[in-house]
Protein chains: 2
Amino acid sequence: MGRSPLWTAIRDHITEDIARGQYAPGDRLPTEAQLADRFGVNRHTVRRALADLAEAGMVHARRGAGVFVRHRPTAYPLGRRVRFHQNLTAAGRVPERRILLLETRIANAEEAEALQLETGAQVHVYEGLSLADGAPIALFRSVFPAARFPNMLAALRSSQSVTAAFAAHGLGDYTRARTEITAKPATPTLAAQLQLPAGAAILRTVAVNVDGAGLPVELGRTWFAGDRVALTLGAEGL
Amino acid sequence: MGRSPLWTAIRDHITEDIARGQYAPGDRLPTEAQLADRFGVNRHTVRRALADLAEAGMVHARRGAGVFVRHRPTAYPLGRRVRFHQNLTAAGRVPERRILLLETRIANAEEAEALQLETGAQVHVYEGLSLADGAPIALFRSVFPAARFPNMLAALRSSQSVTAAFAAHGLGDYTRARTEITAKPATPTLAAQLQLPAGAAILRTVAVNVDGAGLPVELGRTWFAGDRVALTLGAEGL
DNA sequence: GTCAATTTGTACGTATGTATG
DNA sequence: ACATACATACGTACAAATTGA
């Protein structure tokens, strides 16, 4: 036996193959038996290497099916300005947004407080699903003060873009004032909407966007599929 | 073989023994051979159980010496809900901090890549528990390049502060280069350490700190109890 | 829907290497 | 130097889940 264990060399070899694109996300690796044969080691030695890769989240084994390269969790930068479509497109993934609900109703207590509205004020609600490469990434629900943005729903229906809808109301620039992140198991309905197994972990963010004067213009709540998303804070984000 | 694998029963048995105080923090477990004999299984089956416990940080194996129980919190204020808002920028300031492990070892692949070390390089590991009002909030594990910070462990042992330990090595200023946040259900052992029900949601953050020149100095991984913590990002934090 | 082949998971066995005390 | 104890690595066999004919 050399300096370092045999299985580490195998792990590194497979890691490099994945990094080089030899095995792409979603691909199935050769079977354990084939890998053992190729590297000239016992199947258990391969399994030790695969166990390390699985622990690091690079691959995922399915009994009877094979070992698969994981999709890297979709990076979702949390910055002053979130650009969902640009970021996903830059990552080579196909972004999609599906409208689930557009309505106007009375703000509840939490919404009224966050948006600094009086009780009983009306808000527009925009609820939808964000997808990448066809897989649901997040369920979002945004509320806007109806008095200030009277045509919000129509604007959202045509563009699906919050930024564009704000621009249609003369609001060119808005920034994120506060974000709160928690985690909890998915409720059955939420799991179904995100196409996750029941009880899967959910990343919940609550964010408030404000205009240039600091007035709240949007309360956005998002429920991310915990294993499909990695919220990232870049250096500029701290 | 029954419904669930043999090794899980052995893992749970040992977990309960530790919880009951049969094996106290710092104690050495019986040898793998003794455990195999006691449970009437092969030594490898015991090793599979121990590997699971080690991965979650409940025990720690030292070649030639034995398997040791890590320090865990004793008090368990049941049903106590802690309201705790931790700001990421002030992540180093928590009411209480408990050291679970201080050791030096070879960096694994993920750590070596994040810290830009060559494979086989040594790292110092600082693992501990953050608590508020006696309830566990988060488990953290930080690794530092050993070559650059030779006295890290001693500095951490005396101060418990990463900032102070860096300062003792002449590093006055360091910044967060990248933070990644994901969510997933707690493993049984992690749930035990954070005193959560099995399957509870975990907020996992991975952060890299760099010095003024942009060189990585710390890879910090933290597992937050999803329902006891709300990570908040203020406007100044974006 | 069933059956058979494939593939990973579990469990045991044996031997040897390497660090500890 | 020596015994102890974990780490690695080989081997065998069968169970359980998946897949495709």
Side-chain angles (χ1 to χ4, degrees), chain A residues 1-14 18 23 26-70 197, chain B residues 1-14 18 23 26-70 101-109 119-120 122-123 125 146 187-188:
Chain A
M1 191 165 17
R3 277 185 48 253
S4 59
L6 239 185
W7 64 263
T8 61
I10 294 169
R11 174 201 61 194
D12 295 343
H13 194 118
I14 297 174
I18 293 175
Y23 308 119
D27 280 2
R28 208 194 72 176
L29 292 185
T31 70
E32 295 174 349
Q34 288 171 334
L35 288 171
D37 202 41
R38 169 182 309 176
F39 292 113
V41 300
N42 189 271
R43 185 183 149 218
H44 287 307
T45 308
V46 169
R47 279 179 66 75
R48 181 66 185 82
L50 290 175
D52 205 56
L53 291 173
E55 202 212 321
M58 289 197 67
V59 302
H60 173 240
R62 282 174 53 216
R63 173 187 287 193
V67 179
F68 299 83
V69 180
R70 282 204 100 105
Chain B
M1 193 168 9
R3 272 184 37 75
S4 60
L6 240 184
W7 65 264
T8 61
I10 294 170
R11 174 201 63 193
D12 294 343
H13 194 119
I14 296 174
I18 292 173
Y23 307 119
D27 279 2
R28 207 194 71 178
L29 292 184
T31 72
E32 294 175 349
Q34 287 170 334
L35 289 171
D37 202 42
R38 170 182 310 175
F39 292 113
V41 300
N42 189 273
R43 187 185 143 218
H44 287 307
T45 308
V46 169
R47 278 179 66 75
R48 181 66 185 84
L50 290 175
D52 203 58
L53 292 172
E55 200 213 320
M58 285 200 72
V59 301
H60 173 237
R62 284 172 53 216
R63 173 185 285 191
V67 179
F68 298 84
V69 180
R70 285 194 181 163
L101 172 74
L102 286 170
E103 70 167 2
T104 304
R105 60 163 166 76
I106 305 291
N108 66 31
T119 53
Q122 298 236 312
V123 288
V125 180
T187 60

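What you see below is based on every heavy atom in this structure, not just the backbone, and it leaves out hydrogens, waters and symmetry mates. The chains referred to below are lettered A, B, ... by the order of the sequence lines, with proteins before strands, and numbering in each begins at 1.
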Which whole-number value in Å describes the distance from A/Leu35 CG to C/dT6 P?
-> 17 Å
Counterpart residues, side-chain contact (heavy atoms from CB on, under 4.5 Å), relative to B/Phe68 (two or more places apart) = B/Arg28, B/Arg62, B/Ala65
Are B/Ile106 and B/Gln122 side-chain neighbours, meaning at least one heavy-atom pair lies under 4.5 Å?
-> yes
Are any of the side-chain heavy atoms of B/Leu50 and B/Ile14 separated by less than 4.5 Å?
-> yes
Considering only D/dA9, D/dC6, C/dA11, which nucleotide approaches the side chain of B/Glu32 most closely?
-> D/dC6
B/Arg105 CZ - C/dT20 P separation (whole Å) = 16 Å
Out of D/dA5, C/dT10, C/dT7, which has the shortest distance to the side chain of A/Thr31?
-> C/dT7
Could you tell me the separation between the CG atom of B/Leu6 and the C1' atom of D/dC14, rounded to a whole number of Å?
-> 14 Å
Non-hydrogen side-chain atoms of A/Thr8 and A/Arg11 separated by less than 4.5 Å | yes
So does B/Asn42 get a side-chain nitrogen or oxygen closer than 4.0 Å to the phosphate oxygens (OP1/OP2) of C/dA11?
-> no
Compare the minimum distances between each of C/dA11, D/dA17, D/dA5 and the side chain of B/Trp7, then state the nucleotide with the smallest one.
-> C/dA11
Indicate, yes or no, whether a donor-acceptor pair under 3.5 Å links the base of C/dT14 to the side chain of B/His44.
-> yes
Starting at the 5' end of DNA chain D and moving along, which residue's nearest nucleotide shows up first, A/Phe68 or B/Ala61?
-> B/Ala61
Whole-Å distance, B/Glu103 CD to C/dA19 P, equals 16 Å
Separation of atom NE2 in B/His60 from atom C1' in D/dA5, rounded to whole Å = 14 Å
note: B/Asp52, atom CG; C/dT10, atom P; distance rounded to Å ~ 10 Å
Rounding to a whole Å, what distance do you find between A/Leu50:CG and D/dT8:P?
-> 15 Å
Under 4.0 angstrom between B/Arg62 side-chain N/O and D/dA7 OP1 or OP2 | no
Does B/Arg63 have a side-chain nitrogen or oxygen under 4.0 Å from the phosphate oxygens OP1 or OP2 of D/dT4?
-> no
Using a cut-off of strictly less than 4.0 Å, decide whether B/Arg48 has a side-chain nitrogen or oxygen near OP1 or OP2 of C/dA11.
-> no
Are A/Arg47 and D/dA9 close enough that a side-chain N or O sits under 4.0 Å from OP1 or OP2?
-> no
Pair partner, C/dG21 [Watson-Crick or wobble, under 3.5 Å] | D/dC2
Ignoring hydrogens and angles, are the base of C/dG9 and the side chain of A/Arg43 linked by a donor-acceptor pair under 3.5 Å?
-> yes
How close do A/Ala49 and A/Ile10 get, heavy atom to heavy atom, and via which atoms?
-> CB-CG2, 3.8 Å
